[in-house]
Amino acid sequence: MTHIIADISISLDGYVTGPDPGPGNGLGTGGEALHTWAFSDDPEERRIVRETTARSGAVVLGRRLFDLVDGPGGWDDTVGYGAAEAGRPAFVVVTGSKPESVRLTGLDWTFVTTGLSDALAVARDRAEAASADRGEDLDVVLMGGGALIGSALDAGLVDVLSLHLAPVVLGSGTPLFTGGTPRTLVRRSANPTPNATHLAYAVHPGASGWSPARFGH
């Protein structure tokens, strides 16, 4: 069964970027520390990256994040979704209008202009098709940015919230939570590694077929 997984790295004080994020500084000042774990040589942290990438049938992101990863200084063969890992899922971008051009033409991009719910529906279809082709359950990963994940949580569109809690206090930046609907989650796993603590919460505890092992925890 395909689930919607919101997956993001976050600081101890709740920020998903450092201050002043933007072109050429996508993670903000000091924000690189949020993702130290993802580029580590630690075997357990490599396992989490590898297994998360392998179980991603489709990845959803917002237009602002797309512009950063597709722009100069964005993703390449060493920096990107899964980086050196082999996974190449479909990417679905929530946007008001399609871009005039795409730099990363080697990736499978779909641009949805009719809102987050429709984008997740497209991503679910792509993930389920990939699941059928590979003969295993694959998920939809909502990778950000923070505002998009917050909107999806508020709308009840997320099954599992996966947080990579980095041991850093950024002071300011882009917060993941800015109010919204109060919600009690159920912790499914907590996995400390040298550069982060990896937490998985069921947003809909009754969802069947999901386990921590499904998402690298």
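Here, residue 1 is the first one in the sequence, and each next residue gets the next number.
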Is the backbone N or O of Leu138 less than 3.5 Å from a side-chain atom of Thr2, with the two atoms forming a donor-acceptor pair by type?
yes
Donor-acceptor check, side chain of Arg183 to backbone of Leu153, threshold 3.5 angstrom: yes or no?
yes
Test item: side-chain donor near acceptor, Ser11 and Asp13, under 3.5 Å:
yes
According to a 4.5 Å side-chain heavy-atom criterion applied to Ile, Leu, Val, Met, Phe, Trp and Tyr, with indirect links allowed, do Leu157 and Leu163 form part of one hydrophobic cluster?
yes
Rounded at 0.5 Å granularity, tell me how far OG in Ser189 sits from CG in Leu199.
7.5 Å
Hey, what do you get for CZ (Phe91) to CG (Asp108), rounding to the nearest 0.5 Å?
9.0 Å
Which heavy atom in Asn191 sits nearest to a heavy atom in Arg47, and how many Å separate them?
ND2-NH2, 3.7 Å
Between Val140 and Ala127, which heavy-atom pair has the shortest distance, and what is it?
CG2-CB, 3.8 Å
Would you please test Val69 and Leu61 for side-chain contact (heavy atoms from CB on, under 4.5 Å) and show each step?
CA-CA 10 Å; Val69 303; Leu61 62 157; 4.3 Å; yes
Does Ile10 form a side-chain contact (heavy atoms from CB on, under 4.5 Å) with Leu34? I'd like the steps, not just the answer.
CA-CA 6 Å; Ile10 188 169; Leu34 295 172; 5.6 Å; no
Identified side chain to side chain donor-acceptor pair (under 3.5 Å) counterpart of Ser40 within the set Glu45, His35, Arg46:
Glu45
Answer with yes or no whether the hydrophobic clustering places Val169 together with Phe177; edges join I, L, V, M, F, W, Y residues whose side-chain heavy atoms lie under 4.5 Å apart.
yes
Closest heavy-atom pair, Leu170 versus Pro19, reported as atoms and distance to 0.1 Å, is O-CD, 4.3 Å
Verify, without hydrogens or angle tests, whether Asp70 (side chain) and Arg103 (backbone) share a donor-acceptor contact under 3.5 angstrom.
yes
Donor-acceptor under 3.5 Å (Asn25 side chain, Asp20 main chain):
yes
Give a yes or no answer on whether the side chain of Asp154 reaches the backbone of Thr181 with a donor-acceptor pair at less than 3.5 Å.
yes
Within 6.0 angstrom of Arg63 CZ, more than 12 heavy atoms from elsewhere:
yes
Would you say the side-chain atoms of Thr95 pair up with the backbone N or O of Ser97, donor to acceptor, closer than 3.5 Å?
yes
Side-chain donor or acceptor of Arg134 paired with backbone N/O of Ala129 under 3.5 Å
no
So, does Asp159 use its side chain to make a donor-acceptor pair with the main chain of Ile5 at under 3.5 Å?
no
Check the hydrophobic clustering (I, L, V, M, F, W, Y; side-chain heavy atoms under 4.5 Å; chains of links allowed) and say if Leu68 and Met143 are grouped together.
no
By the definition side chain to side chain donor-acceptor pair (under 3.5 Å), identify the one residue from Thr197, Thr52, Thr193, Asp7 that meets it with His164.
Asp7
Give the ring-plane orientation class for Phe111 versus Phe66, where under 30° counts as parallel, over 60° as perpendicular and anything between as tilted.
perpendicular
Quick check on the hydrophobic clustering: are Leu27 and Leu65 connected, directly or via other members, by side-chain heavy-atom contacts under 4.5 Å?
no
Applying the side chain to side chain contact (heavy atoms under 4.5 Å, CB included) test to Ile149, which of Val16, Ile8, Val60 qualifies?
Ile8
CE of Met1 to CG of Asp139: how many Å apart, nearest 0.5 Å?
10.0 Å
Could you state whether Trp37 and Tyr15 fall into the same hydrophobic cluster, counting links through intermediate Ile, Leu, Val, Met, Phe, Trp or Tyr residues with side-chain heavy atoms under 4.5 angstrom apart?
no
Grab the two heavy atoms, one from Val141 and one from Ser56, that are nearest each other, plus how far apart they are.
CG2-OG, 3.3 Å
Is a side-chain N or O of Thr17 found less than 3.5 angstrom from the main chain of Gly173, in a donor-acceptor match?
no
Within a strict 4.5 Å, meaning less than it, do heavy atoms of the Leu107 and Trp75 side chains meet?
yes
Quick one, Val168 with Thr36, criterion side-chain contact (heavy atoms from CB on, under 4.5 Å). Give me CA distance, side-chain angles, the key distance, then yes/no.
CA-CA 11 Å; Val168 59; Thr36 300; over 6 Å; no
Nearest 0.5 Å please: distance from the CH2 atom of Trp109 over to the NZ atom of Lys98.
14.5 Å
